[in-house]
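Chain A is the first sequence line, chain B the second, and so forth, proteins listed ahead of strands; every chain is numbered from 1.
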There are 2 protein chains.
Amino acid sequence: MDAAELSRMFKALSDPGRLRLLSLIASHEGGEACVCDLIGPFDVSQPTVSHHLKVLREAGPVGSERRGTWVYYWVLPEALAKLSALLQTPAVPAKVSG
Amino acid sequence: MDAAELSRMFKALSDPGRLRLLSLIASHEGGEACVCDLIGPFDVSQPTVSHHLKVLREAGPVGSERRGTWVYYWVLPEALAKLSALLQTPAVPAKVSG
DNA sequence: CGGCTGTATCGACAGTCGTCGATACAGAAT
DNA sequence: ATTCTGTATCGACGACTGTCGATACAGCCG
């Protein structure tokens, strides 16, 4: 994991809406939510929600799958754990600086 | 810590240059570095480095102090630890969603 | 004081981001 | 097949970001 990939992950988390999406997904029943569950709670349009979900998906911290009509999203704790570990260390360690 | 403040922290970490700055500061002798130590290793100009340092300072994860001619920067592990803790939990917990 | 060095701010510019409405695609039901 | 609903993509727009050169500010040294 280099600085570029790291920064991509952080960038995905740098939008309040995406943080709330992540939270909403994680706290949803069964640990997953379909897009239709995520559109209601937000003031933004459906395309915008879809866009944010795409950003999260491509950055790493969520997975998704189509099941018939609906598309479900869930949080990938491993991806978040990696970031967490990096922040815990003596502060962004040699892996990044090298 | 609400979603807006969280996102500000993440945004500060969402630039590869700032991540490397953070790493450089943390790994520097004594845990702190003056700006002059940070300009050399980068391809960007001094004003740009200064700008990134300001972003980091205002977002939280670094502190700074002028000592005579030089200005020193150091990492604030507590700020990073907060983020780390949030990412560790069942994934961006109730504090954010509420 | 005047000049020198380290750092910050300013103004400008290109590029990216979040957002939207319109539209296309996917699957289910009739 | 047609139609309906859920989701994704497209094209466009304003706002923000990273970057720079020029310049201002701060502190040291003659």
Side-chain angles (χ1 to χ4, degrees), chain A residues 2-25 28-30 32-74, chain B residues 2-25 28-30 32-74:
Chain A
D2 58 352
E5 187 179 350
L6 263 182
S7 66
R8 216 172 304 135
M9 268 287 260
F10 282 126
K11 187 176 297 180
L13 301 177
S14 71
D15 180 84
R18 284 197 289 268
L19 279 182
R20 300 210 320 172
L21 271 177
L22 210 57
S23 167
L24 221 55
I25 294 171
H28 203 263
E29 175 192 347
E32 60 180 23
C34 80
V35 180
C36 58
D37 294 324
L38 302 173
I39 293 175
F42 290 89
D43 294 341
V44 300
S45 67
Q46 176 267 319
T48 298
V49 170
S50 188
H51 166 68
H52 284 317
L53 288 172
K54 182 180 183 181
V55 171
L56 287 172
R57 194 173 2 109
E58 293 184 343
V62 311
S64 71
E65 181 189 17
R66 170 158 233 135
R67 260 175 243 152
T69 301
W70 296 275
V71 178
Y72 288 85
Y73 283 78
W74 56 89
Chain B
D2 58 352
E5 188 179 352
L6 264 182
S7 65
R8 216 173 305 134
M9 270 287 259
F10 283 124
K11 187 175 298 182
L13 301 176
S14 72
D15 181 83
R18 283 198 289 269
L19 279 182
R20 301 210 319 173
L21 271 176
L22 210 57
S23 168
L24 221 56
I25 295 172
H28 204 263
E29 175 192 347
E32 60 181 22
C34 81
V35 180
C36 58
D37 294 324
L38 303 173
I39 292 176
F42 289 89
D43 294 341
V44 299
S45 67
Q46 176 268 320
T48 298
V49 170
S50 188
H51 166 67
H52 285 317
L53 288 172
K54 183 180 183 182
V55 171
L56 287 172
R57 195 173 3 107
E58 294 184 342
V62 310
S64 73
E65 182 189 15
R66 169 158 232 135
R67 260 175 243 152
T69 301
W70 297 275
V71 178
Y72 289 85
Y73 283 78
W74 57 88

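In the set C:dT9, D:dT17, D:dA8, D:dA8 carries the atom at the smallest distance from any side-chain atom of A:R57. The nucleotide whose nearest atom lies closest to any side-chain atom of A:P47 is, among D:dT9, D:dT7, C:dG18, D:dT9.
OP1 and OP2 of C:dG6 both lie 4.0 Å or more from every side-chain N or O belonging to B:Y72. At least one side-chain nitrogen or oxygen of A:K11 sits closer than 4.0 Å to the OP1 or OP2 atom of C:dC17. In this structure, B:S50 reaches the C:dA8 phosphate: one of its side-chain N or O atoms is under 4.0 Å from OP1 or OP2. Between B:T48 and D:dC20 there is a side-chain polar atom (N or O) within less than 4.0 angstrom of OP1 or OP2.
Contact check for B:L53 versus B:S64: no side-chain heavy atoms found under the 4.5 Å cut-off. Proximity of B:C34 to B:D37: side-chain heavy atoms (C-beta onward) are separated by under 4.5 Å at one or more points. A 4.5 Å side-chain heavy-atom check between B:S50 and B:Q46 finds at least one atom pair inside the cut-off. Using a 4.5 Å cut-off on side-chain heavy atoms (C-beta onward), B:F42 and B:T48 make no contact.
Rounded to 10°, the angle separating the first-five-pair axis and the last-five-pair axis of the helix from C:dC1-D:dG30 to C:dT30-D:dA1 equals 10°.
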Could you list all N or O pairs between the protein and nucleotides 25-30 of chain D that sit under 3.5 Å apart?
none

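When rounded to the nearest whole Å, the span between NE2 of B:H52 and P of C:dA8 equals 13 Å. Going from atom CD1 of A:I39 over to atom C1' of D:dA8 covers 11 Å, rounded to whole Å. At whole-Å resolution of the value, CG in A:D15 and C1' in D:dT17 are 14 Å apart. The CZ atom of B:F10 sits 18 Å away from the C1' atom of C:dC17 (whole-angstrom rounding). In this structure, A:L21 atom CG and C:dG18 atom C1' are separated by 13 Å, rounded to whole Å. Counting to the nearest Å, the P atom of D:dG18 and the CZ atom of B:R20 are 15 Å from each other. C:dC10 atom P lies 7 Å from atom NZ of B:K54, rounded to whole Å. B:E65 places its CD atom 14 Å from the P atom of C:dT7, with the value rounded to the nearest Å.
Contacts of A:F42 with the nucleic acid, taken as non-hydrogen atoms under 4.0 Å apart, are absent.
Residue B:H51 is the one, among B:H51 and A:D43, whose nearest nucleotide of DNA chain C lies closer to the 5' end (criterion: closest heavy atom). Along DNA chain C, the nucleotide closest to A:S45 and the one closest to B:W70 are compared, and the more 5′ of them pairs with B:W70.
Side-chain N or O atoms of B:R66 include one that pairs as donor or acceptor with a backbone N or O of B:G68 at under 3.5 Å. Between the side chain of A:S14 and the backbone N or O of A:K11 there is at least one donor-acceptor pair closer than 3.5 Å.
Separating the CG atom in A:L21 from the CG atom in A:L13 is a distance of 11.5 Å, to the nearest 0.5 Å. To the nearest 0.5 Å, the span separating CG on B:L6 from CG on A:D15 amounts to 12.0 Å.
Atom CD of A:E65 has more than 12 neighbouring heavy atoms from other residues, nucleotides or ligands inside a 6.0 Å radius. Other residues, nucleotides and ligands contribute only 12 or fewer heavy atoms inside 6.0 Å of the CH2 atom of B:W70.
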